[in-house]
Amino acid sequence: MLDVALAAGMFAAGCAAETGADVTVFEKNKFPGKKLNITGKGRCNVTNNCSFDELMSNVPQNPRFMYSAFSNFTPQDMMAFFENEGIELKTERGGRVFPVSDKARDITDALFNFAKKKGVKFKFETVKELLCENGAVSGVETESGKFLCDAVIVATGGASYPLTGSTGDGYKFAKDAGHTVVSPKGSLVPLCVERETCKMAQGVTLKNVVLSAYNEKGKLLFSEIGEMLFTHFGMSGPLVLSASAHMRDFEKEKYYVCIDLKPGLTPEKLEDRILRDIEEKKNKDIHNLLRGLLPSGMIPIVLKKSGIDASVKGNSLTRELRKTLRDTLKCLRFDVDGKRPIEEAIITSGGVNVREINPKTMESKKMCGLYFAGEVLDVDAYTGGFNLQIAWSSACAAGKSAAGGE
Ligand SMILES: Cc1cc2nc3c(=O)[nH]c(=O)nc-3n(C[C@H](O)[C@H](O)[C@H](O)COP(=O)(O)OP(=O)(O)OC[C@H]3O[C@@H](n4cnc5c(N)ncnc54)[C@H](O)[C@@H]3O)c2cc1C
């Protein structure tokens with residue numbers, strides 16, 4: 001019995017070995033968990049302590065496929081697993097679960113030690129080919145030779161952050177075994193937005209703003225308060241990454257975002273505030289006047305979007321322009337041109353077509369003894385620990401089934 005690669009791979013391997021199988025993990029890096037170690041800004045948001053319904057609703061792509069795996073191995077099961085392995089956990093805002101130590105390395109170590117304890121062997125080599133004979137998997141080939149086995153779990157991850165080792169190799173293995181692969185795209189990814197305009201505020205970070213995303217028909221897709229930043233290509237930061245996961249298909253739809261720069265003030269209160277500032281700084285130009293309301297790097301964009309000349313004096317702002325300014329501060333609108341490349345994405349959406357996989361066992365319907373787990377599958381989720389939960393639940397199903405346990 002064999003097994004290819006990590007987060008999901010290590011857990012699948014441990015689960016399979018626990019069920020009595022002889023398991024080897026093949027990992028192309030020289031150490032395990034290269035991506036896991038950088039998750040959650042190095043803290044690893046390991047899962048989400050939420051209800052089953054919440055879990056399902058945070059998986060926009062193929063949630064039904066995950067129903068069985070999620071039911072059999074829930075976020076609370078994963079939390080119990082880590083606590084059992086000696087890792088204390090804490091639950092933060094929005095149900096996000098982290099190790100108390102705030103160290104992703106502790107999560108990697110716990111998984112590695114669990115696998116080792118169960119007798120899993122590790123080989124730090126790259127798998128080049130999947131070996132198949134007469135409709136069944138027979139092993140894998142690495143740079144050092146062929147390894148024969150009864151089952152292979154492909155847990156090679158997606159195609160994002162390729163420097164961590166996930167370079168999309170699993171898609172090739174799947175295709176070689178007769179699977180179709182839904183074209184991989186980046187999700188949770190920075191956005192290309194009105195380049196020339198955004199460049200004006202490059203480097204500006206906004207905190208406590210509300211970012212809302214809409215499709216071209218004006219349907220609200222996402223709205224949250226938080227942090228974002230402007231870059232030379234558009235926008236990035238936590239709010240923007242989260243919003244991007246709701247922009248599912250740039251080939252078919254267009255999207256725009258609105259930033260409420262003053263979510264704490266109603267439009268009326270904001271207008272009062274602007275009037276008060278004008279009263280106090282009658283002869284100052286508008287740029288000067290806005291300094292009390294905005295980070296100065298944002299002022300040129302706000303003026304451009306409001307159509308107000310930077311040299312206008314506060315007291316010569318017409319009522320109409322004042323209202324436009326107020327509305328712009330409450331809804332600074334930008335058309336989204338697209339997503340940044342998949343290499344910059346936190347996760348990959350798309351992957352091995354789940355219609356060709358048994359959702360209870362994660363076994364291929366095309367090739368006996370071939371299993372898939374984790375991000376290589378065409379399942380992805382929003383931020384909050386849900387993507388790792390997909391990895392854990394699918395890995396548990398694949399590990400136990402591949403070992404013949406369940
Ligand atoms: C910066 C960043 C932060 C993130 N933070 C979070 C978070 O806090 N919470 C969350 O839920 N999700 C987070 N994610 C997403 C999460 O890391 C992934 O969804 C998860 O790691 C997927 O697990 P996996 O095992 O399927 O793939 P991976 O973790 O990518 O593991 C795949 C492994 O397979 C190995 N491999 C690939 N091809 C081969 C081959 N041919 N031979 C041998 N080995 C191979 C790779 O080297 C790699 O180690 C984050 C992602 C990134 C990039």
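This structure is a prediction, so every number in the text was calculated from the model and none was measured. One-based numbering, in listed order, for ligands and for the atoms of each.
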Peer 1: For E143, does the CD atom sit with more than 12 other heavy atoms under 6.0 Å from it, leaving out its own atoms?
Peer 2: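 More than 12 within 6.0 Å, yes.
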Peer 1: Given N37, V379, I346, N48, which one has a non-hydrogen atom that is nearest to atom 51 (C) of ligand 1?
Peer 2: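 Heavy atom nearest to atom 51 (C) of ligand 1 belongs to I346.
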Peer 1: Taking everything shown except Y67 itself, do over 12 heavy atoms lie less than 6.0 Å from its OH?
Peer 2: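 Counting neighbours around OH of Y67, 12 or fewer heavy atoms of other residues, nucleotides or ligands fall under 6.0 Å, so no.
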Peer 1: Report, in ascending order of atom number, the atoms of ligand 1 lying under 4.0 Å from any heavy atom of N387.
Peer 2: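 Reading through ligand 1 atom by atom, the close ones are 11 (O), 12 (N), 19 (O).
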Peer 1: For the residue pair Q202 and F230, establish whether any side-chain heavy-atom pair is separated by less than 4.5 Å.
Peer 2: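 No. Closest side-chain heavy atoms not under 4.5 Å.
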Peer 1: If you take all heavy atoms of F98 and C44, which pair is closest and at what distance?
Peer 2: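 Closest approach of F98 to C44, heavy atoms only: CD2-O, 3.5 Å.
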Peer 1: Do N37 and T108 get their side chains close enough for a donor-acceptor pair, meaning under 3.5 Å?
Peer 2: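 Side-chain D/A pair, N37 to T108: present.
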Peer 1: Answer yes when R43 and E92 have at least one side-chain N-carboxylate O distance shorter than 4.0 Å, and no when they do not.
Peer 2: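 Judged by the 4.0 Å cut-off on N to carboxylate O distance, R43 and E92 do form a salt bridge.
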Peer 1: Hey, is L36 one of the residues with a heavy atom under 4.0 angstrom from ligand 1?
Peer 2: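 In this structure, L36 fails to qualify as a contact of ligand 1 - no heavy atom is under 4.0 Å.
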Peer 1: Any nitrogen or oxygen of T167, side chain or backbone, less than 3.5 Å from one on ligand 1?
Peer 2: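 So ligand 1 has no N or O lying under 3.5 Å from an N or O of T167.
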Peer 1: With the threshold set at under 4.0 angstrom, would you say E27 reaches ligand 1 through any of its heavy atoms?
Peer 2: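 A heavy atom of E27 does come that close to ligand 1.
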Peer 1: Indicate yes or no: does an N/O atom of A373 lie under 3.5 Å from an N/O atom of ligand 1?
Peer 2: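 Checking ligand 1 against A373, no N or O pair falls under 3.5 Å apart.
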Peer 1: Need the ligand 1 atom indices (1-based, order shown) with element for anything under 4.0 Å from a heavy-atom of G165.
Peer 2: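 Those of ligand 1 that fall under 4.0 Å from G165 are 36 (N), 37 (C), 38 (N), 46 (C), 47 (O).
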Peer 1: With a heavy-atom distance limit of 4.0 Å, tell me whether Y161 approaches ligand 1 through its side chain, its backbone, both, or neither.
Peer 2: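 Just the side chain.
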Peer 1: Under 4.0 Å from ligand 1, counting heavy atoms only, is it the side chain of I390, its backbone, both or neither?
Peer 2: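 Looking at I390 and ligand 1, no heavy atom falls under 4.0 Å.
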Peer 1: Quick one: which of E375, M10, E129, E125 has a heavy atom closest to atom 26 (O) of ligand 1?
Peer 2: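 Heavy atom nearest to atom 26 (O) of ligand 1 belongs to E375.
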Peer 1: Is it the side chain (CB and beyond), the backbone, both or neither of L388 that lies under 4.0 Å from ligand 1, heavy atoms counted?
Peer 2: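 Both backbone and side chain.
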Peer 1: Please confirm whether N29 comes within less than 3.5 Å of ligand 1 when only nitrogen or oxygen atoms on both sides are compared.
Peer 2: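 In this structure, N29 places an N or O atom under 3.5 Å from an N or O of ligand 1.
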Peer 1: Please list, in number order, the atoms of ligand 1 under 4.0 Å from a heavy atom of D169.
Peer 2: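 Matching atoms, with element in brackets: 38 (N), 39 (C), 40 (C), 41 (N).
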Peer 1: With side-chain hydrogen bond (donor to acceptor under 3.5 Å, both in side chains) as the test, would you mind laying out the steps for T383 and S242 before giving the verdict?
Peer 2: CA-CA 6 Å; T383 50; S242 295; 3.2 Å; yes
Peer 1: Below 4.0 angstrom, N of the basic side chain to O of the carboxylate: do D378 and R355 qualify?
Peer 2: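 No.
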Peer 1: Just to be sure I read this right, does ligand 1 sit under 4.0 Å from the backbone of A155, its side chain, both, or neither, counting only heavy atoms?
Peer 2: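 Only the backbone of A155 comes within reach of ligand 1.
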Peer 1: Any N or O of Q389 that comes nearer than 3.5 Å to an N or O of ligand 1?
Peer 2: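 Not met; the criterion fails.
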Peer 1: Keeping T74 on the side-chain end and S71 on the backbone end, is there a donor-acceptor pair under 3.5 Å?
Peer 2: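 No, because the side chain of T74 does not come within donor-acceptor range (under 3.5 Å) of the backbone of S71.
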Peer 1: Which option out of S187, G384, G40, G168 puts a heavy atom nearest to atom 7 (C) of ligand 1?
Peer 2: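 Heavy atom nearest to atom 7 (C) of ligand 1 belongs to G40.
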Peer 1: Does an N or O anywhere in T126 fall below 3.5 Å from an N or O of ligand 1?
Peer 2: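 No; every N/O pair is 3.5 Å or more apart.
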Peer 1: Is the shortest distance from a Lys or Arg side-chain nitrogen in R326 or E271 to a carboxylate oxygen in the other one below 4.0 Å?
Peer 2: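 The answer is yes: the pair qualifies as a salt bridge.
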Peer 1: Quick check on contacts: which atoms of ligand 1 are under 4.0 angstrom from a heavy atom of G374?
Peer 2: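 Reading through ligand 1 atom by atom, the close ones are 26 (O).
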Peer 1: Just by distance, no angles: are the side chains of T167 and K28 close enough, under 3.5 Å, to form a donor-acceptor pair?
Peer 2: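 Yes, side-chain donor-acceptor contact under 3.5 Å.
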Peer 1: Quick one: which ligand 1 atoms are inside 4.0 Å of a heavy atom on T164?
Peer 2: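 Those of ligand 1 that fall under 4.0 Å from T164 are 47 (O).
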Peer 1: Taking NZ, NE, NH1 and NH2 as the nitrogens, is one of them in R105 or D109 under 4.0 Å from a carboxylate oxygen of the other?
Peer 2: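 Salt bridge present between R105 and D109.
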Peer 1: Would you check the N or O atoms of I347, main chain and side chain alike, for any that come under 3.5 Å of an N or O of ligand 1?
Peer 2: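 There is no such contact.
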Peer 1: Which atoms form the tightest heavy-atom contact between H232 and R195, and what is the distance?
Peer 2: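 Taking H232 first and R195 second, the nearest heavy atoms are O-CG, 3.5 Å.
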Peer 1: Give the contacting part of K35 toward ligand 1: side chain, backbone, both or neither, where contact means a heavy-atom distance below 4.0 Å.
Peer 2: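 Contact part for K35 vs ligand 1: side chain (C-beta onward).
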Peer 1: Would you please say whether a donor-acceptor pair under 3.5 Å links the side chains of E375 and S166?
Peer 2: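 Looking only at side-chain atoms, S166 and E375 do not form any donor-acceptor pair under 3.5 Å.
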Peer 1: Looking only at distances, please establish whether an N/O atom of ligand 1 is found under 3.5 Å from an N/O atom of C44.
Peer 2: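 By distance alone, the answer is no.
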Peer 1: Closer than 4.0 Å to some heavy atom of N45 - which atoms of ligand 1 meet that?
Peer 2: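 Result: 7 (C), 8 (O), 9 (N), 10 (C), 11 (O).
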